[in-house]
> 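Have a look at this one before I ask anything.
Keep in mind that the numbers below use all heavy atoms, side chains included, and drop hydrogens, waters and symmetry copies. Values in this document were obtained by computation on a predicted structure and should not be read as measured data. Just so we're on the same page: letters track the sequence lines, and every chain starts at 1.
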Amino acid sequence: MEQKVIDQPTTRPTDHPTPKYIPQDFEAGWMQRWEADELYKTAPADERPKAYILDFFPYPSGDGLSVGHCRNYVPTDVMSRYYRMKGYNVLHPMGWDAFGLPAENAAIKTKTNPAKLIAQYSANYKRQFRLIGISFDWSREINSSTPEYYRWTQWVFLQLYEAWYDPRADAARPIAELEKELGEKGTAAIDAAQGIEGNFPRLSAAQWNAFNKRERSEFLSNFRLAYRKPARVNWCPVDKTVLANEEVHDGRCWRCGSQVIEKNLPQWFFRITAYSERLINDLDTIDWPEHIKLMQRNWIGKSIGAEADFKTGAGYLRIFTTRPDTLWGATFMVLAPEHPFVETLTTAEHKARVNQYVKEASAKTDIERETEGKDKTGVFTGAYATNPVNGERIPIWVADYVMMGYGTGAIMSVPAHDQRDFEFARKFHLPIRVVIRPEGESNEIHSLDADTMERAYPHEGVMVNSGPFDGTPADVAVEQVTQWLEEKGIGAKRINYKFRDWGISRQRYWGTPIPIIHTDDGEVAADHDALPVELPNVNSYEPTATGESPLATIPEWVNVTLPDGTHARRETDTMGTFACSSWYYMRFADPRNEHAPFDAKEVNYWCPVDTYVGGAEHAVMHLLYARFWTKALYDLGYVNFIEPFERLRNQGMILSPQVKDGKYEKMSKSKGNVITPDEMVSQYGADALRAYEMFISEFSQATPWQIDGLAGTFRWLKRVWDLMLAPNERPAANETTAQADRVLNRKLHQTIHKVESDIEAFAFNTVISALMEFTNVMYDLQNQVSREMFDHARETLLLVLAPIAPFMTEELWMRWGSKYSIHQQKYPQYDSAAAAEESFTLVVQVNGKVRGKIELPVGVSEAEAKQKAFDDPNVKKWMEGKNIAQVVYVPGRLMNVVVT
RNA sequence: GCCGGGGUGGCGAAAUUGGCAGACGCCCAGGACUUAGGAUCCUGUGCUCGUUGAGAGCGUGCGGGUUCAAGUCCCGCCUCCGGCACCA
């Protein structure tokens with residue numbers, strides 16, 4: 001390692017002109033050599049500290065990579081190369097999220113097998129990655145659409161299928177343990193842990209034991225972490241498949257942009273909601289951008305409140321509220337149109353109108369309800385409910401602003417303190433009663449008058465008109481009322497979450513087959529030894545008109561004969577691709593394992609991922625699902641980590657340099673403004689491209705591509721090149737070079753330090769500016785420093801530059817005759833003593849304005865600094881004839897003299 | 001509407017805990033070298049005033065405030081970008 005090149009004659013190419021920097025001459029050759037030498041092959045788990053640096057699993061598209069995509073691949077590569085030089089065992093792999101609609105739709109369009117397309121597209125990506133010098137360990141490449149991979153996606157599916165969430169353990173457990181418990185105790189013990197209501201039917205041990213196979217199977221669906229149920233789902237009529245809630249944006253398909261409609265279909269789900277609380281809480285343990293954490297919290301949408309029962313003619317009507325302190329202000333009830341009580345409660349007199357309303361509401365999709373604005377509609381059922389807190393009789397209405405999918409599908413309406421209820425009450429002339437007085441107003445209720453108020457007062461305050469609770473202050477009102485409800489047996493504390501279970505069924509060909517078989521006795525899991533359930537080869541991938549998967553049209557695949565000779569049908573839905581990407585980071589730890597998804601030692605050594613980088617668009621999809629799978633596999637004992645991604649960073653978008661309407665446009669194929677790394681490399685070389693990708697701006701910020709900026713980093717590298725190949729005929733170190741040597745050495749160590757801390761902090765743009773500064777200082781001092789210092793500085797610059805410009809630094813390293821490869825050298829050691837400054841500039845202000853700057857030695861006394869400052873002629877001028885009121889002295893920085 | 005994140009020269013952008021605003025790069029201008037320069041090197045480059053010089057005033061979206069000192073903290077707005085959107 002210590003091969004000093006200082007005295008080697010190869011550093012003095014005096015007899016021939018300095019070769020020009022022509023990156024295209026050597027870049028491709030070096031990449032080949034590194035791969036042939038397996039320079040970037042990752043070792044298995046060992047004693048070294050590890051660094052797992054991962055980019056989001058890309059879907060390989062036919063368009064290839066743009067310079068925008070390189071925005072994250074380059075910095076993570078720099079970081080990987082940096083940690084390798086620092087002695088870490090680095091895992092920096094790449095693979096393909098190859099299932100899914102884009103490939104399938106392209107396959108249909110071009111009548112090509114999607115696997116073939118993926119092979120083509122990924123080969124092109126790989127070519128581009130090599131072109132720009134990304135140091136992936138290709139021996140670990142994975143492709144989620146191969147049986148070798150999806151076999152284990154199916155395996156995870158079955159783990160979830162064969163598990164349930166036990167609220168008492170607050171963890172997933174094997175379903176067999178639940179079956180045993182049901183046979184002994186029924187659901188009694190689980191009930192108790194669930195609070196006033198769980199999401200499943202009650203059952204005694206006797207009932208369970210009397211169940212036949214099919215009944216048991218159906219009952220267990222209420223518990224399994226992977227389960228099937230009929231559901232109203234988002235259906236994309238163009239892609240002809242189901243979309244998860246997260247995949248619907250503004251009522252449109254996130255992929256093709258067409259209007260989503262609703263359909264009723266039996267669907268497979270993962271019970272992610274069981275993990276709501278843990279998914280929220282564990283966010284506190286990971287280093288992610290706050291806005292991503294916030295988006296996840298909002299998506300999960302936790303609300304703490306209470307449930308309460310209102311007596312009606314059809315039985316107790318249960319409502320959920322976050323404001324139990326407003327119970328005395330309820331003046332009517334509202335049911336969602338789909339609520340089961342609508343049918344039973346509505347009086348004969350109102351039947352016709354209510355039926356009509358419900359019919360219209362169900363015909364409308366959520367999107368239509370939304371586009372119609374927030375104008376409240378609804379009808380009276382003719383029925384009444386009794387408010388359990390004061391015995392009051394209040395009317396029950398039906399309205400579509402209450403949704404069946406949240407809470408209990410029924411609400412108590414408190415128009416004085418809820419804006420939606422307020423609007424409804426005003427429209428239908430329902431009474432409004434104030435029960436919360438804004439705090440800090442002495443004027444009591446007059447400040448909120450039911451007849452004249454123009455909007456609800458939804459905030460907190462002191463309770464009034466609330467019987468025993470009058471005068472209760474805001475901070476304890478909710479809690480005290482909730483407790484009181486529990487004591488009286490009227491209601492109980494309840495936590496609700498907005499988000500729903502993760503729907504994974506897709507009625508398409510190109511996905512992981514769901515390894516389930518439907519028998520006469522209900523569904524059964526495919527045999528673990530029979531995995532993978534392979535996708536059959538087909539000639540046509542067209543989705544069916546009926547909404548069934550194309551797999552359903554292949555009888556020889558669908559129909560199976562069980563060991564006992566009975567016939568059964570395979571599940572024909574496939575899994576959405578988020579299943580594949582929910583565990584791929586684990587597979588990279590041990591990608592060729594044929595006996596298990598991964599070896600426990602390898603996965604627990606490499607995971608969690610230390611640094612995970614990708615776009616912010618996956619905030620609530622992939623990033624939430626992957627966290628869920630990790631926790632489930634943790635609960636079931638397969639991995640020993642709870643969160644998959646320790647540190648997450650999002651790269652900003654690279655925009656087109658073209659300005660339209662005063663704004664930079666996004667790059668897109670349709671706008672024809674995509675800039676590719678291929679063009680840039682052919683013009684400036686990969687190293688300049690890499691440096692510019694880092695330099696362009698702060699990593700997370702959107703910014704336009706500027707070709708002149710790339711030309712700037714090219715020019716800088718050319719300057720470095722020339723400097724490195726310049727002959728060194730300087731004198732040996734002596735008294736005349738001592739000063740310049742010290743200055744250059746100081747800058748050198750400051751640069752090492754800056755580059756190290758900035759790479760680790762994701763401040764890549766300032767890494768480049770620091771290296772540019774160092775280069776400039778070397779140019780400034782090159783004729784004053786000694787031969788030894790000059791070469792030491794050159795070698796150091798080359799080494800710290802190696803992760804950023806791998807090609808050029810290797811080429812120069814070899815031209816210097818140093819030992820191959822520069823990428824296997826140790827990173828230069830930072831010396832804080834050498835980096836320490838000898839003097840500093842003291843800024844002297846008079847009344848906050850800069851009036852002088854003086855150079856002082858580090859460690860100067862305050863008295864001496866003051867003396868020197870006051871001697872400065874300009875400072876003197878501004879102080880003349882004034883009284884010094886105060887002198888603020890910040891050692892090493894600034895002095896502010898306040899005069900009057 | 002609600003929640004988040006931004007707004008700094010002609011352009012991309014820097015700026016620990018409040019402590020020289022504009023590092024670094026681009027563009028532009030001047031000079032050197034040169035047959036030539038669109039290569040390279042050097043110098044200058046926030047705006048305004050000041051003939052030069054020394055210097056002065058202004059300046060981080062807008063308006064206030066706190067402070068010896070504000071891009072940074074507080075209050076009120078404008079605007080752009082993301083997310084959520086009748087969630088009881």
> Report yes if the side chains of Trp397(A) and Thr381(A) come closer than 4.5 Å at any heavy-atom pair, otherwise no.
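Sidechains of Thr381(A) and Trp397(A): no contact.
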
> Short question: side chain of Asn883(A), backbone of Val899(A) - any donor-acceptor pair under 3.5 Å?
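The answer is no, because no donor-acceptor pair under 3.5 Å joins these two groups.
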
> Taking the minimum atom-to-atom distance to the side chain of Lys498(A), which one of C84(B), A56(B), C68(B) wins?
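Nearest to the side-chain atoms of Lys498(A), counting from C-beta on, is C84(B).
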
> Does Glu277(A) pair with Lys302(A) as a salt bridge, N-O distance under 4.0 Å?
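Answer for the salt bridge query: yes.
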
> Looking at Glu290(A) and Lys293(A), does any basic side-chain N land under 4.0 Å from a carboxylate oxygen?
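So Glu290(A) pairs with Lys293(A) through a salt bridge.
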
> Is Asn847(A) touching bases, backbone alone, or none of the nucleic acid, heavy atoms closer than 4.0 Å?
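No contact.
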
> Side chain of Ile411(A) only, please: which of A88(B), G55(B), U17(B) is the nearest?
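Within the option list, the nearest is A88(B).
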
> If you compare every side-chain N and O of Arg715(A) against the phosphate oxygens of C26(B) (OP1, OP2), does one of them come in below 4.0 Å?
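Yes.
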
> From the list G4(B), C20(B), C68(B), which nucleotide is the closest neighbour of the side chain of Leu894(A)?
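The closest nucleotide is C20(B).
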
> Just wondering, more than 12 heavy atoms not from Met653(A) lying within 6.0 Å of its CE?
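12 or below, so no.
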
> Just by distance, with hydrogens left out, do Tyr684(A) and Thr713(A) show a side-chain donor and acceptor under 3.5 Å apart?
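Absent: no donor and acceptor within the cut-off.
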
> Quick check: any donor-acceptor pair below 3.5 Å linking the side-chain of Asp708(A) to the base of C26(B)?
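For Asp708(A), whose side chain was compared with the base of C26(B), there is no donor-acceptor pair (under 3.5 Å).
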
> Examine G25(B): is either OP1 or OP2 under 4.0 Å from a nitrogen or oxygen in the side chain of Asn776(A)? Give yes or no.
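It does, given that an N or O in the side chain of Asn776(A) lies less than 4.0 Å from OP1 or OP2 of G25(B).
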
> Give Glu698(A) one of three labels, base, sugar-phosphate or nothing, depending on what nucleic acid heavy atoms sit under 4.0 Å from its own.
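Here Glu698(A) touches the backbone only, sparing every base.
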
> Among A23(B), G57(B), G12(B), which nucleotide sits nearest the side chain of Pro704(A)?
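Looking only at side-chain atoms, Pro704(A) lies closest to G12(B).
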
> Counting only side-chain nitrogens and oxygens, does Arg719(A) get under 4.0 Å of the OP1 or OP2 atom of C41(B)?
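For C41(B), OP1/OP2 do have a side-chain N/O of Arg719(A) under 4.0 Å.
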
> For the side chain of His753(A) and the backbone of Ser832(A), is there at least one donor-acceptor N/O pair under 3.5 Å apart?
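Not a single qualifying donor-acceptor pair exists.
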
> Does Gln701(A) place a side-chain N or O at less than 4.0 Å from the phosphate oxygens OP1/OP2 of G6(B)?
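No, because none of the side-chain N or O atoms of Gln701(A) sits under 4.0 Å from OP1 or OP2 of G6(B).
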
> Stem list for RNA chain B, please, built from Watson-Crick and G-U wobble pairs under 3.5 Å and keeping only runs of at least 3.
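Counting only runs of 3 or more consecutive pairs, the stems involving RNA chain B are B:1-7 with B:78-84, B:10-12 with B:24-26, B:28-32 with B:40-44, B:46-49 with B:55-58, B:61-65 with B:73-77.
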
> When rounded to the nearest Å, what value does the distance between C1' atoms of C74(B) and U67(B) take?
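Pairwise C1' distance, C74(B) against U67(B), rounds to 12 Å.
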
> Please tell me if Asn896(A) has a side-chain N or O lying less than 4.0 Å from either OP1 or OP2 of U67(B).
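No, because none of the side-chain N or O atoms of Asn896(A) sits under 4.0 Å from OP1 or OP2 of U67(B).
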
> What does Ala410(A) touch in the nucleic acid at a heavy-atom separation under 4.0 angstrom: a base, only the sugar-phosphate, or nothing?
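Answer is nothing: Ala410(A) stays at 4.0 Å or more from every strand.
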
> If you only use heavy atoms from C-beta on, which nucleotide in A23(B), A88(B), A56(B) is closest to the side chain of Asp418(A)?
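The answer is A88(B).
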
> Is the shortest side-chain N/O distance from Asn765(A) to OP1 or OP2 of C24(B) below 4.0 Å?
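For Asn765(A), the contact criterion (side-chain N or O under 4.0 Å from OP1 or OP2 of C24(B)) is not met.
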
> When you look at NZ of Lys666(A), are more than 12 heavy atoms from neighbouring residues, nucleotides or ligands closer to it than 6.0 Å?
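For Lys666(A), atom NZ is not crowded (no more than 12 foreign heavy atoms under 6.0 Å).
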
> Show the distances under 3.5 angstrom between N or O atoms of the protein and N or O atoms of nucleotides 80-83 of chain B.
unit_1: C80(B); atom_1: O3'; unit_2: Lys663(A); atom_2: NZ; d: 3.3
unit_1: C81(B); atom_1: OP1; unit_2: Lys663(A); atom_2: NZ; d: 3.0

> NA contact type, Asn496(A), heavy-atom cut-off 4.0 Å: base, sugar-phosphate, or nothing?
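It contacts nothing in the nucleic acid.
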
> Would G9(B) be called syn or anti here, given the cut-off of 90° from 0?
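Base orientation: syn.
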
> Measure across Thr775(A) and Trp716(A) and return the closest heavy-atom pair with its distance rounded to 0.1 Å.
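Minimum heavy-atom contact is OG1-NE1, 2.9 Å.
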
> Could you check which of C11(B), A13(B), G57(B) has an atom nearest any side-chain atom of Tyr664(A)?
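The nucleotide sitting nearest to the side chain is C11(B).
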
